[in-house]
Amino acid sequence: MSTRALRRLKGKQRGQEALDAGDLTLDDSPEELLDTASGSPQSDSKGRKAKKNKAQKNFCNIYELIGDADNEAEIISPDEEEDQPDENKTSGTEKKDDIEKPDEKQENASTKSSGDRVKKKKKKKKTKVTEGQEAVPDDNIDLILENLEQSNGLGLQNEDCGGSDRRSVLHVEHRNLNSETELKRYFGARAVQGDQRPRQRNRQFHRSTWMTIPKDSWPRFSRPGISMTLLQSKDGIQYFTFEHGRDYQQVQFKFLDAVESMDPNNIVALLQLNPYHIDSLLQLSDVCRIQEDQEMARDLIERAMYSFECAFHPLFSLTSSTSRLDYLRTENRAFYLALYKHMMFLEKRGCPRTALEYCKLILSLDPDSDPLCMLLLIDFLTLRSREYHSLLQLHQEWEEHRNLSQLPNFAFSTALCHFHLSQLEDVDPEESEKERHKADQLLQDALIMFPGVLIPLLDLCTVQPDAAVSSHVFFGPKSQLGQPPALAELTSLYVGRTHSLWREAAVMLWLEESVKEVLRRVDAKDPLVEECQNKRKQRYQSAPRNIHRHVLLSEIKEATSSLPLEVTSQPVMGFDPLPPLDSVMSYTRPERQHVGATNESTLSLFFRSLLPNFNLQGGPRPEDELEVARAGQELNQEVNRLMVAMRDMLANIRFQEPPRDENPYRDEEEWD
């Protein structure tokens with residue numbers, strides 16, 4: 001930027017400033033003063049070059065000039081402060097110049113007033129920063145967001161406050177909701193984004209969102225009729241719910257008719273007219289996934305999430321873990337299911353850290369009831385993303401009021417966490433030994449409490465167990481057959497999901513050592529063995545409905561085969577699997593009018609297609625007139641007579657036998 005542009009940014013113009021001796025002594029060096037007094041062209045050019053180089057020094061881009069212009073207006077040296085009262089002395093000489101040039105006086109006054117305003121504003125900003133708040137750099141977006149949340153009262157509370165433990169565990173970060181952040185960490189930004197630049201032509205401008213990135217291939221977004229309202233705020237927690245407009249309700253009724261038709265083409269036709277209908281997107285995503293079109297299935301889920309995020313309430317927060325959605329309301333279930341299916345796509349894509357963030361988000365929406373039972377999945381995602389301390393913190397803080405150690409997944413996963421912490425290279429030997437001892441103790445307790453996990457786990461890991469282990473009564477087939485049905489469902493779910501984490505050689509050797517120690521304790525009749533056996537008999541008699549729902553959504557064969565008959569016998573819809581028994585419905589579907597009787601025969605339906613007033617059951621139809629009813633009775637009689645005649649004719653039909661050969665002893669090989 002030239003000096004002329006810099007002078008304009010400062011509010012000054014060339015040749016409109018009154019020269020002052022004090023200004024010359026402050027700004028210019030003695031050598032420059034001598035050069036200017038001599039008036040030599042060489043010295044003038046040198047001075048100009050020096051000033052130009054001095055003005056352009058230490059500038060990386062043009063935007064720094066603007067900041068430096070403000071800083072120059074802000075910085076006041078102590079010499080200038082001392083000379084400020086002396087300026088009043090020279091006001092007399094300046095008055096003469098002002099009389100001769102009135103125009104210059106007005107322009108100088110305007111420039112001085114603008115400079116004073118800049119100085120006052122900068123001084124105010126300085127005092128605000130120095131009063132106790134540390135200046136946050138503009139590049140650190142996370143710190144800025146955190147400060148904004150704290151100023152709005154949505155930040156994390158201190159550990160002494162009530163409910164802070166739960167918030168600290170379920171805290172979600174915005175940057176971790178984007179899968180590209182994790183992929184860039186693994187492969188680099190150039191490998192993820194590529195060198196291709198987005199096309200500016202025919203580009204749609206979408207609303208910026210946190211969970212998904214809108215695509216240009218999507219249909220143009222128009223609000224489908226979903227909105228979010230705030231029900232109440234209690235103890236720092238906001239309770240929200242989604243609502244459907246009248247137009248959206250009509251589309252929902254059409255969607256239910258399309259589902260009952262059992263034809264996916266009807267759902268596709270509905271989506272062409274309503275491209276952002278949530279339940280249609282979820283149901284069609286399942287159809288595409290069954291047809292092994294994973295990319296299309298994932299795209300439909302992302303489109304549903306974008307539609308939800310555009311309908312968020314201004315106070316609804318994804319990261320503060322203080323926003324609640326009741327799963328009992330039918331309008332809220334689709335949001336849970338969209339988040340869950342998106343999370344599973346991320347896990348299969350190789351983004352466990354992003355999937356863990358969505359798992360915490362789902363759990364924070366209703367941590368008390370946990371409708372999708374995310375506690376059965378959060379340990380697996382934590383181990384996949386190697387967030388060991390996070391899982392141990394969750395187990396420590398929730399064990400008192402949720403009894404997480406009674407779940408097989410937490411009993412084994414916490415032991416596996418301590419083992420991985422003991423294998424880290426940057427850990428002290430004493431700390432490593434302590435973690436290893438803790439891991440051994442927890443794994444032995446888990447094997448004693450849940451002995452039915454070992455043999456199925458070894459089978460999926462393709463490891464042949466020792467004869468002493470497989471033939472022992474404690475780990476043998478009797479332990480698997482004798483466990484309650486709810487416990488069998490939990491163990492099969494854990495084994496089917498996390499068997500890949502136990503295939504490492506070091507982990508398998510550690511498991512072998514623990515199994516031998518458990519057998520020694522069982523043979524020694526450790527009192528813990530009998531205590532755990534009594535607990536298994538008393539507990540795990542029946543699993544709650546949310547566990548069955550989680551097993552259905554997981555689609556793990558080992559777990560779905562252990563579901564009770566009362567769950568597998570009823571139809572399961574992808575847009576609302578196993579709904580709660582005490583659902584809250586804000587609107588109901590109108591009853592459909594079924595035309596005709598359902599117990600009529602095929603012949604009756606045939607005649608009804610020809611004659612709408614026909615009724616084989618006899619008697620006039622209540623909605624017909626009397627004349628039509630009489631005609632129908634006469635027709636019924638004629639048809640009955642015709643049917644009797646046809647029955648007699650079919651009964652009297654005799655088929656003639658083929659004539660027998662007169663020579664029964666003829667050779668079969670002879671030709672006529």
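Atom CZ of Arg386 has 12 or fewer heavy atoms from other residues, nucleotides or ligands within 6.0 Å. At most 12 heavy atoms of other shown residues, nucleotides or ligands fall within 6.0 angstrom of atom CD in Gln396. Atom CG of Asp247 has 12 or fewer neighbouring heavy atoms from other residues, nucleotides or ligands inside a 6.0 Å radius. Heavy atoms from other residues, nucleotides or ligands lying under 6.0 Å from CD of Glu400 number 12 at most. Under a cut-off of 6.0 angstrom, the local environment of CD in Gln570 is crowded, with over 12 non-hydrogen atoms contributed by other residues, nucleotides or ligands.
Of the possible donor and acceptor atoms, one in the side chain of Glu309 sits under 3.5 Å from a partner among the backbone N and O of Trp210. Of the possible polar contacts, none joining the Ser364 side chain to the Ser321 backbone as a donor-acceptor pair under 3.5 Å is found. The main-chain N or O of Gly496 is found under 3.5 Å from a side-chain atom of His499 such that the two form a donor-acceptor pair. Using modelled atom types, one side-chain atom of Ser317 and one backbone atom of Ser320 make a donor-acceptor pair closer than 3.5 Å. Listed for the Ser561 side chain is a donor-acceptor partner under 3.5 Å among the backbone atoms of Glu558. Side-chain atoms of Asn332 do not come within 3.5 Å of backbone N or O of Thr241 as any donor-acceptor pair. In this structure, Ser285 contributes its side chain and Leu281 its backbone to no donor-acceptor pair below 3.5 Å. Under a 3.5 Å cut-off, the side chain of Gln444 and the backbone N or O of Ser514 do not form any donor-acceptor pair. Side chain of Glu435 to main chain of Leu421: no donor-acceptor pair is present (N/O by atom type, distance under 3.5 Å, no hydrogens or angles). Side chain of Ser422 to backbone of Ser432: no donor-acceptor contact under 3.5 angstrom is found.
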Inset, instruction - Would you check, one step at a time, whether the test side chain to side chain contact (heavy atoms under 4.5 Å, CB included) holds for Ile556 with Val551? - result: CA-CA 7 Å; Ile556 297 176; Val551 172; over 6 Å; no
Inset, instruction - Begin with the C-alpha distance, continue with both residues' side-chain angles, and end with the deciding distance and a verdict on side chain to side chain contact (heavy atoms under 4.5 Å, CB included) for Val584 and Thr330. - result: CA-CA 7 Å; Val584 179; Thr330 55; over 6 Å; no
Inset, instruction - Check the pair His418, Tyr388 against ring pair (Phe, Tyr, Trp, His ring centres under 6.0 Å), reporting the backbone distance first and the verdict last. - result: CA-CA 8 Å; His418 285 286; Tyr388 306 124; 10.0 Å; no
Inset, instruction - Walk me through it: do Tyr306 and Ile301 pass the test side chain to side chain contact (heavy atoms under 4.5 Å, CB included)? - result: CA-CA 9 Å; Tyr306 177 75; Ile301 295 297; over 6 Å; no
Legend entry - salt bridge (charged side-chain N to carboxylate O under 4.0 Å, His left out) assessment of Arg549 paired with Asp576: CA-CA 10 Å; Arg549 189 182 300 115; Asp576 191 7; over 6 Å; no
Inset, instruction - Test Leu381 against Met343 for side chain to side chain contact (heavy atoms under 4.5 Å, CB included), laying out the working first. - result: CA-CA 10 Å; Leu381 297 176; Met343 175 191 64; 4.0 Å; yes
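Residues passing the side-chain hydrogen bond (donor to acceptor under 3.5 Å, both in side chains) test with Ser369, sequence neighbours excluded: Asp366. Every residue meeting the salt bridge (charged side-chain N to carboxylate O under 4.0 Å, His left out) condition with Asp286, not counting sequence neighbours, appears here in chain and number order: Arg289, Lys341. The ring pair (Phe, Tyr, Trp, His ring centres under 6.0 Å) search around Phe308 returns Phe242, Phe335, not counting sequence neighbours. Every residue two or more places apart in sequence or in another chain that forms a side-chain hydrogen bond (donor to acceptor under 3.5 Å, both in side chains) with Ser583 is listed here: Arg333.
Between Glu243 and Met228, the closest side-chain pair of non-hydrogen atoms is not below 4.5 Å. Using a 4.5 Å heavy-atom cutoff, the side chains of Phe575 and Leu256 are in contact. Looking at heavy atoms from C-beta onward, Leu231 lies in side-chain contact with Arg329 at the 4.5 angstrom threshold. Between Val507 and Leu416 there is a side-chain heavy-atom pair separated by less than 4.5 Å. Using a 4.5 Å cut-off on side-chain heavy atoms (C-beta onward), Leu563 and Leu552 make contact. The shortest distance between side-chain heavy atoms of Phe255 and Asn266 does not fall below 4.5 Å. Counting heavy atoms from C-beta outward, Arg324 and Phe240 have side chains that stay 4.5 Å or more apart. In this structure, Pro371 and Leu365 have side chains that are not in contact, with every pair of non-hydrogen atoms separated by 4.5 Å or more.
The aromatic rings of His342 and Tyr358 sit perpendicular to each other, their planes meeting at more than 60°, with 30° as the lower class boundary. Ring geometry, Phe221 versus Tyr276: the interplanar angle exceeds 60°, so the pair is classed perpendicular (tilted spans 30 to 60°).
Remark: Lys254 does not engage Glu260 in a salt bridge, criterion side-chain N to carboxylate O under 4.0 Å. Look at Arg402 and Glu399 and you find no salt bridge, because none of the NZ, NE, NH1 or NH2 atoms lies under 4.0 Å from a carboxylate O. In this structure, Lys360 pairs ionically with Glu357, as a charged nitrogen and a carboxylate oxygen lie closer than 4.0 Å. The residues Glu295 and Lys348 are annotated as not salt-bridged, no charged nitrogen and carboxylate oxygen being separated by less than 4.0 angstrom. The pair Glu173-Arg175 meets the salt-bridge criterion, since a charged nitrogen lies less than 4.0 angstrom from a carboxylate oxygen.
Residues His244 and Gln249 share a closest heavy-atom pair of O-NE2, 3.3 Å. Contact detail for Ser405 and Ala411: the closest heavy-atom pair is O-CB, 4.0 Å. What you find for Leu337 and Gly574 is that their closest heavy atoms are CD1-O, 4.0 Å. When all heavy atoms of Ile237 and Thr322 are compared, the closest pair comes out as CG2-O, 3.3 Å. Closest approach of Phe253 to Arg589, counting heavy atoms only: CE2-CA, 3.6 Å. Listed here is the closest heavy atom pair of Arg353 and Asn176: NH2-ND2, 3.4 Å.
Residues His401 and Trp398 bring their aromatic ring centres within 6.0 Å.
Considering CZ of Phe345 and CG of Asp299, their distance stands at 10.5 Å, rounded to 0.5 Å.
Side-chain contact, His277 with Gln252: a donor N or O sits under 3.5 Å from an acceptor N or O.
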Donor-acceptor pairs under 3.5 Å, side chain of residues 447-461 to any protein atom, not counting sequence neighbours: which ones?
none

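Checking each of Val172, Leu375, Leu372 against Leu363 for a side chain to side chain contact (heavy atoms under 4.5 Å, CB included) leaves exactly one that passes, namely Leu375.
Note on residues 488-497: pairs passing side chain to side chain donor-acceptor pair (under 3.5 Å), not counting sequence neighbours, are Glu489-His548, Ser492-Ser562, Tyr494-Trp502, Arg497-His550.
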